[in-house]
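Worth saying up front: this structure is predicted, and the values here are computed from it rather than measured.
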Amino acid sequence: MGYIQSMQSTLTALAEPNRLHIVELLRDGPLPVGEIADRLELNQPQVSKHLRVLTGAGLVEVQPEANKRFYKLQTKPLQELDEWLGSYRRMWEDRFDRLDAYLLELQGKTNNLNANKQEPTQP
């Protein structure tokens with residue numbers, strides 16, 4: 001899967017509120033489907049459907065343990081999302097730095113004008 005397709009898959013999966021809540025729950029550690037369903041007050045088939053989408057997007061992995069299946073958050077798609085957002089953060093930080101420099105320059109010019117106006121005239 002290409003970078004753009006991977007990002008699109010991640011964003012599409014996270015766009016649904018229940019799936020985003022599941023990701024939030026799994027942030028604290030792996031959980032079985034029943035516990036996820038209880039915490040979200042959803043029925044188990046609904047949660048299973050959401051988990052299939054999250055698994056397909058690579059956001060969640062299934063870990064069988066005895067007779068239970070635990071769902072664990074995968075960090076790679078979230079790291080890719082963070083890197084993608086990071087490029088925008090860097091762009092905005094650069095723009096804010098340039099704006100800050102420009103405002104300091106304007107402030108310096110204003111201070112020079114005010115200083116020149118306040119100088120007493122010589123008789």
Could [X] and [Y] be called an ion pair, given the rule that one side-chain N must be under 4.0 Å from one carboxylate O?
X   : Y    : value
D94 : R90  : no
R95 : D100 : no
E35 : R39  : yes
K68 : E65  : no

Between [X] and [Y], which heavy-atom pair has the shortest distance, and what is it?
X   : Y   : answer
V62 : R69 : CG1-NH2, 3.5 Å
A13 : V53 : CB-CG1, 4.2 Å
P30 : Q63 : CG-OE1, 4.1 Å
L59 : L73 : O-CD1, 3.4 Å
P77 : A57 : CG-O, 4.1 Å

At what distance, to the nearest 0.5 angstrom, does [atom1] of [X] lie from [atom2] of [Y]?
X    : Y    : atom1 : atom2 : value
E80  : L85  : CD    : CG    : 12.0 Å
D38  : N43  : CG    : CG    : 11.0 Å
L40  : L25  : CG    : CG    : 5.0 Å
Q44  : K49  : CD    : NZ    : 15.5 Å
Y102 : Q107 : OH    : CD    : 13.0 Å
H21  : L42  : NE2   : CG    : 10.0 Å

Verdict with supporting geometry, V23 and Q74, side-chain contact (heavy atoms from CB on, under 4.5 Å) | CA-CA 10 Å; V23 167; Q74 289 296 316; over 6 Å; no
Shared hydrophobic cluster, F70 / L26 (ILVMFWY, side-chain heavy atoms < 4.5 Å) |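 No; tracing contacts between hydrophobic side chains, which count when under 4.5 Å, never links both residues.
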Kindly assign one of parallel, tilted or perpendicular to the pair F96 and W92, based on the angle between their ring planes and the thresholds 30° and 60°.
->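 Answer is tilted, since the angle falls between 30° and 60°.
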With heavy-atom distances below 4.5 Å as the criterion, would you say the side chains of [X] and [Y] are in contact?
X   : Y   : result
I22 : L31 : no
S9  : Q5  : no
L14 : T10 : yes

Could you verify whether a donor N or O on one side chain and an acceptor N or O on the other, from T55 and E61, lie under 3.5 Å apart?
->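 There is no such pair between these side chains.
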Test item: R19 side-chain N/O and V47 main-chain N/O as donor-acceptor pair under 3.5 Å =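 No: the side chain of R19 does not pair with the backbone of V47.
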